[in-house]
Amino acid sequence: MKYLNKIVVAAFLTVSLISCRDDDYLVQKSPDQLTSSNFWRNAADAQSGLVAAYSELESRSNFWDGWQEGRPVIEYFRSDYALPGPDASNYAHWMSIFNFNYTNGHTFVDVLWTTNYKGLNFANQVIAKVGEMTSDQISDAEKKQIIAEATFLRAYYHFKLLTLYEKIIIRDELITNETLDKGLSSRPDAWSIIISDFKHAAENLKTVSETDPGRATKGAALAYLGKAFMYKAGDATSAESSDFNNAKMAFSSIVDGSAGNYALEPNFSSLFNGENENNKESIFELQFKTSDATSWNATILHAFVGDWSIGGWGGIAASPGVVNEMKGEGMIASNGLYDNRLYGSLYFRDPFYNNTSTKEMQGSTWDVLMNETYGNTNENAAYFRKWLPNYVSNNSYVGVNVVLMRYADVLLMYAEALNETGATAQAIPYINQVRKIHGFMPAIKVTSQADVKKQIIHERTMELTLESVRFFDLRRWGMLDQAMKAAGRTNFNSATHAYLPIPLSEIQSNSQID
């Protein structure tokens, strides 16, 4: 999707010029003024409209309070495995998220709500307006593809909202004066529209080999369809006995290759450092591009994640709990180390990062950097490594992509769905596949359904730490309270903090919500 950054996105607003003469009103319309009615003239306009719909992914349109700080603080800080970095205490609105004492007036709570609804608005305009275009304006094939992508995006935005907020407003049509104020929907109704849209998208989208990088594909739609069923299965308000089986069916079309040729990438660290973008493991990837003379679509997420010692801002740190969990199986990898995913996920004091020959710690060693920065070896500290380029120091805005859905995640969710539906023996090989290729780890020895579930919980920590899934996994497993207690997060109560509150701005502006 990087080539789309060169397209100037039009604003879809109806503008009228009104002047008054005596008692009559003359409505004048500029013949070259684009409006929501006359914008949709040809395929180029349809593609521009679609770009607008993509532009709200992960709140990136609001760069600082959405993408750069809002999303990471909301999705990373609430994990039991995260700690505020040394710089976080300077920001009371960050710490209120970590301490679970935020209110519905919180900036980030508002921004994530509004940007996802902007995305829904754009997606609905594409679906409706491109749907009205004639064959003289756009080919049937391109029309079908664009509507399918917009339908995927509509499902994605609803899904993001429903994972963050307990109740949401369903927006599946163009907003009118009559529907501007609209009440909250039930969670079952919201799941219904999400699942329906992901299904429709999966039926009409192309495979990854037929699609430009960054665009929605059949594999992406099926992966999120399966994920929606997994999350729904863990939602007490909406769960049905068929959810795990439906998830299994969606994932199976990816695993058997019918939705595209995906495979695990052997170099685990390369999935996150910008050196191996849009690779064979990537199913849906957020595209960034280092700025040049023609476009600007960069990110500086690595500065938020990176510790002071490596030239970052020190926004976030890893807890001792995640280090202990990831070391839990011992040094049994085939290369004599811990599970190798540990080294691709975290920096911590270890001979691996103190090897003066390899200098794996951003071109230096742990002890050197810690002594330079903190005056000691910082024995019990740990920092996240994902989403960092190979050198953080003096590396400002960069084009490091962020993978939103990986094949490894699909394999682990598929294994979980198999296990939950009684096919435990079939689930084990998929777990072992991920362990072997990414972790250099031996096959698991457990065989019972309960033990395999415990193993899957461990594997998702090893594989997906700092990929915006931990909090939501704990919630769907019913483990939030115990995990937060174990992490010393005493302010947390799942009855209050499992979901974000409806933003105050929505309550104040929407007469249908109180």
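Numbers here are sequence positions counted from 1.
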Any side-chain donor near an acceptor of the partner, N419 and T424, under 3.5 Å: yes
Within the distance-only criterion (no hydrogens, no angle test), does the side chain of N116 pair as donor or acceptor with the backbone N or O of L112 below 3.5 angstrom? yes
Quick one: do E149 and Y54 satisfy side-chain hydrogen bond (donor to acceptor under 3.5 Å, both in side chains)? Show the steps, please. CA-CA 9 Å; E149 288 185 55; Y54 275 104; 2.4 Å; yes
Just by distance, with hydrogens left out, do N335 and N340 show a side-chain donor and acceptor under 3.5 Å apart? yes
How are the rings of W67 and F288 set relative to one another: parallel (under 30°), tilted (30 to 60°) or perpendicular (over 60°)? tilted
Just do the side-chain contact (heavy atoms from CB on, under 4.5 Å) check on H458 and M326 with the steps written out, would you? CA-CA 8 Å; H458 171 74; M326 297 183 88; 6.0 Å; no
Between D87 and N90, is any side-chain donor less than 3.5 angstrom from a side-chain acceptor? yes
Can a side-chain donor-acceptor contact be found between E240 and W191 if the only test is distance below 3.5 angstrom? no
Evaluate E416 against W477 for side-chain hydrogen bond (donor to acceptor under 3.5 Å, both in side chains), listing each step before the verdict. CA-CA 11 Å; E416 185 177 350; W477 292 327; 3.0 Å; yes
Within this structure, what is the OG1-CG distance for the pair T496 and N101, rounded to the nearest 0.5 Å? 12.5 Å
Tell me, do Y224 and F229 make a side-chain contact under 4.5 Å, heavy atoms counted? no
With heavy-atom distances below 4.5 Å as the criterion, would you say the side chains of L418 and K248 are in contact? yes
Neighbour count >12 (heavy atoms, 6.0 Å) for atom NZ, K227: yes
Show the nearest heavy-atom pair for residues A82 and R489, with the distance to one decimal. O-NH1, 3.8 Å
Which label fits W64 and Y397: parallel for a plane angle under 30°, tilted from 30 to 60°, or perpendicular past 60°? perpendicular
Member of L480, V73, L500, L474 meeting the side chain to side chain contact (heavy atoms under 4.5 Å, CB included) criterion with R78: L500
If you look at every heavy atom in S253 and D256, which pair is closest and at what distance? O-OD1, 3.0 Å
Could you check if a side-chain atom of L120 sits within less than 4.5 angstrom of a side-chain atom of R154, using non-hydrogen atoms only? yes
Cation-pi, Y231 ring and R476 (6.0 angstrom, 45 degrees): no
Quick check on M95: does its CE atom have over 12 non-hydrogen neighbours (other residues, nucleotides or ligands) under 6.0 Å away? yes
Centre-to-centre under 6.0 Å for Y353 and F348, is that the case here? yes
Kindly indicate, with the supporting measurements, whether the criterion side-chain contact (heavy atoms from CB on, under 4.5 Å) is fulfilled by E277 and Q287. CA-CA 9 Å; E277 296 178 337; Q287 308 290 302; 5.8 Å; no
State whether a side-chain donor-acceptor pair under 3.5 Å links S309 with T373. no
Evaluate the ring planes of Y343 and F352, with Trp represented by its six-membered ring, and classify them as parallel (under 30°), tilted (30 to 60°) or perpendicular (over 60°). tilted
Taking all non-hydrogen atoms of both residues into account, name the closest pair between L205 and A216 and its distance. CD2-O, 3.8 Å
Going by the angle between their ring planes, with limits at 30° and 60°, are F100 and Y102 parallel, tilted or perpendicular? tilted
Could you check whether R60 and N297, counting side-chain N and O atoms only, form a donor-acceptor pair closer than 3.5 Å? yes
Keeping the roles fixed (side chain from D80, backbone from M484), state whether a donor-acceptor pair exists under 3.5 Å. no
Under a 3.5 Å cutoff, is there a donor and acceptor pairing between the side chains of N390 and N273? yes
Determine whether the side chains of S494 and D481 contain a donor N or O and an acceptor N or O closer than 3.5 Å. yes
Is it true that E265 and N279 share a donor-acceptor pair across their side chains at a distance under 3.5 Å? no
Before we go on, tell me: are the rings of F77 and F108 under 6.0 Å apart, centre to centre? no
How far does CD of E325 sit from OG1 of T465, to the nearest 0.5 angstrom? 8.5 Å
Between Y374 and W308, is a side-chain contact (heavy atoms from CB on, under 4.5 Å) present by the stated rule, with each step listed? CA-CA 9 Å; Y374 298 106; W308 287 345; 3.8 Å; yes
Distance alone, cut at 3.5 Å: any donor-acceptor contact between the side chains of K327 and N324? no
Can the ring centroids of W387 and F272 be said to lie less than 6.0 angstrom from one another? yes
Between Y383 and Y347, does the ring centroid distance fall short of 6.0 Å? no
Do E459 and H438 meet the criterion of a side-chain donor-acceptor pair at a distance under 3.5 Å? no
Tell me whether S270 contacts the main-chain N or O of N267 through its side chain, where contact means a donor paired with an acceptor under 3.5 Å. yes
Donor-acceptor check, side chain of H302 to backbone of N395, threshold 3.5 angstrom: yes or no? yes
Backbone N or O of M249 within a donor-acceptor pair of the S252 side chain at under 3.5 Å? yes
Using a strict threshold of under 4.0 Å (side-chain N to carboxylate O), is an ion pair present between E75 and R470? no
Under a 4.0 Å threshold between the charged nitrogen and the carboxylate oxygen, would K160 count as salt-bridged to E58? yes
Has K280 got more than 12 heavy atoms of other residues, nucleotides or ligands less than 6.0 Å from its NZ? yes
Looking at the rings of W113 and Y165, which for Trp means the six-membered one, are their centres under 6.0 Å apart? yes
Does a side chain donor of either Y91 or E69 reach within less than 3.5 Å of an acceptor in the other side chain? no
Under the criterion side-chain contact (heavy atoms from CB on, under 4.5 Å), I'd like the reasoning laid out for E463 against D409: C-alpha separation, chi angles, the key distance, then a yes or no. CA-CA 8 Å; E463 189 68 31; D409 192 0; over 6 Å; no
Assess, by modelled atom type and distance only, whether the side chains of Y76 and E467 contain a donor and an acceptor separated by less than 3.5 Å. no
Can you see which heavy atom on A201 is nearest to which on A148, and at what distance? CB-O, 3.8 Å
Count the heavy atoms belonging to other residues, nucleotides or ligands that lie under 6.0 Å from CG of N380, then report whether that count exceeds 12. no
Side-chain donor or acceptor of E281 paired with backbone N/O of Y262 under 3.5 Å: no
